[in-house]
Amino acid sequence: MTFVESINSPPERTTLRDLFRDTGRFIFAVEIETTRGLAMEEPASRMARLANDLADFPDVDVLGLTDNPGGNPSNRPEALGLQLHERGQEVIVNVSCKDYNRNGIESRLWALGSYGFDALLALTGDYPTAGYAGQAKPVFDIDSVGLLEIIRRLNEGYPPPDRSVGARMPTMRTSFFPGATVSPFKVQESEYLPQLFKLEYKIRTGAQWAITQIGYDSRKLDELQRYMALKQMNIPLIGSVYLLSAPAARFFHRWGIPGINASAELVELANKQASSEDHGTAFFHEFAAKQIAILKGLGYRGVYLSGRPSLSRIETIINIEKSFGEDDWKDFARELQYPLPEEFYYFEQDPDTGLASSQINREYLASKSGFARTRKRLIQSPAFTIGKLTHDVFFDAKAPGRKLGELVYKGLEKSPRPVQRIAHFAEQASKVPVYGCQDCGDCSLPDIAYLCPESQCAKNQRNGPCGGTKDVQCEVLDKDCIWSRAYDRLKAIGQEEHMLDRPVIFKNGALQGTSAWGNTFRERDHHSANSEGQKSR
Ligand code: SF4
């Protein structure tokens with residue numbers, strides 16, 4: 001079969017969508033890390049060989065193909081994915097936003113759809129760490145939520161057919177089956193709950209399934225499922241299991257991979273096991289098997305195994321897991337809990353199971369009381385107070401001063417250039433010192449509790465936090481995540497739970513260097529009811 005023939009008539013395969021339809025089935029997915037170099041040469045071919053071996057291995061259902069993992073350049077997942085499709089193997093293609101702007105991403109999505117890929121994992125992506133002759137400049141034009149929105153629109157038929165050519169143009173639709181990631185393994189309330197809000201946001205935007213971040217706390221895994229049920233987030237959930245080793249545990253503990261944490265207790269255990277005769281191999285196999293058993297017991301729909309496991313190790317883990325008794329997972333779930341110090345939980349612990357109960361954390365509930373919020377309001381940041389007041393008086397669509405602002409900026413547009421420049425200078429003079437404004441012209445201050453994503457977020461995240469924080473600290477900058485800070489600011493006024501209840505935000509690059517105030521009053525920015533993001537809802 002030629003390459004073109006194989007794309008046009010790919011062999012039958014059981015898709016991820018099909019696998020989820022079989023509700024009694026526990027899906028086994030393995031991550032294949034793409035590498036630098038040609039797909040047919042070492043070391044990429046090692047991964048290709050493993051992928052091909054796994055395609056013949058009946059216990060593995062799906063292979064996940066990474067997209068420039070760890071911020072490093074590598075061969076595109078499609079190169080290997082096409083070979084696997086030819087063999088009838090279902091793959092999940094990771095698509096991240098770090099290396100392409102929205103046009104590059106849309107172009108890639110058209111190519112992925114043309115090649116017949118449908119299961120896509122939408123990611124914001126790791127901050128680039130390497131590149132030819134120096135570190136690559138990150139893009140982050142859009143984020144995972146923006147990516148899901150574009151995928152949803154392509155599935156609905158976007159762009160609409162061009163009828164102007166006279167012919168009856170058919171509407172082109174992709175048929176992607178997009179998934180999202182969620183990170184429940186966060187320490188503080190202000191970094192954990194926004195992750196859960198963001199999952200809801202992703203589901204509203206089109207995510208049809210989700211995969212957890214790697215973590216080592218069964219209680220958090222249970223809690224995530226309970227939270228999703230409580231908020232009626234009815235999508236299948238897959239749990240990540242990383243084949244641990246002592247070096248990997250130490251690496252995670254040092255925050256070697258943003259967003260993945262290993263507690264000191266887990267590192268100590270891993271080090272102790274590594275000093276045994278087999279260097280802990282048997283222990284780590286059993287550890288992974290127990291994690292899989294826990295996911296099954298908790299009702300997860302599958303596992304996503306990573307950590308570059310060989311075929312023989314995967315076989316060993318599966319066989320160990322099969323040897324467990326039906327209820328063994330309950331003991332494992334109690335045993336495999338390695339939270340970080342002071343870790344926040346949304347639900348109280350069930351003393352019988354060691355997992356989550358149905359009672360929401362009482363201390364958390366008390367912190368939302370009127371008295372607690374009033375105390376927080378008293379120490380609220382002046383930047384927030386001034387920003388919100390100004391917004392509520394002038395910029396909000398229903399603000400009393402809105403009409404005045406619209407009139408002023410309508411008049412300014414007809415004024416001579418020097419007058420416009422003076423007005424823009426006055427705007428900048430007030431925003432640069434207070435917010436670190438970068439003059440993007442499409443202001444998101446009201447979206448992020450008056451914190452500027454351009455100057456204070458390394459990934460310019462306008463639709464919620466990425467998953468890379470550790471104890472609220474940004475994975476790139478030496479400062480707290482703006483989304484955790486926004487959560488705290490909004491909690492003081494009782495609006496934190498709605499921080500992401502809104503249409504997806506796409507920054508309009510054409511507005512860079514223009515007056516953000518003028519763009520709001522003249523309805524040119526993303527706040528306008530006529531913007532693409534607002535219209536698509
Ligand atoms: S206009 Fe853009 S750069 Fe300036 S404060 Fe607002 S979001 Fe930040």
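Every number for a ligand or one of its atoms is a count from 1 in the order of the listing. Any value given below was found using the heavy atoms of this structure, including those in side chains, with hydrogens, waters and symmetry copies removed.
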Quiz prompt | Salt-bridge contact Glu33-Arg308 (side-chain N to carboxylate O under 4.0 Å) | solution = yes

Problem - Lys198/Glu191 ion pair, N-O < 4.0 Å - result: no

Considering only non-hydrogen protein atoms, determine which one is nearest to [atom] and report residue, atom name and distance to 0.1 Å.
{"atom": "atom 8 (Fe) of ligand 1", "result": "Cys452 SG, 2.3 Å"}
{"atom": "atom 6 (Fe) of ligand 1", "result": "Cys443 SG, 2.4 Å"}
{"atom": "atom 7 (S) of ligand 1", "result": "Ser444 N, 3.3 Å"}
{"atom": "atom 4 (Fe) of ligand 1", "result": "Cys437 SG, 2.4 Å"}
{"atom": "atom 2 (Fe) of ligand 1", "result": "Cys440 SG, 2.3 Å"}
{"atom": "atom 3 (S) of ligand 1", "result": "Gln438 N, 3.0 Å"}

Of all heavy-atom pairs linking Arg36 and Tyr132, the shortest is NH2-N, 4.4 Å

For Asp439, the atoms of ligand 1 under 4.0 Å from one of its heavy atoms are 3 (S), 4 (Fe)

Numbered in order shown, the ligand 1 atoms found under 4.0 Å of a heavy atom of Pro453 are 7 (S)

Begin with the C-alpha distance, continue with both residues' side-chain angles, and end with the deciding distance and a verdict on side-chain contact (heavy atoms from CB on, under 4.5 Å) for Asn519 and Tyr409. CA-CA 9 Å; Asn519 292 330; Tyr409 273 85; over 6 Å; no

Interatomic distance, CD1@Ile235 vs NZ@Lys202, rounded to 0.5 Å, equals 10.0 Å

**Request:** Go through the steps to decide whether Thr66 and Thr34 satisfy the test side chain to side chain donor-acceptor pair (under 3.5 Å), and finish with yes or no.
**Result:** CA-CA 6 Å; Thr66 56; Thr34 49; 3.0 Å; yes

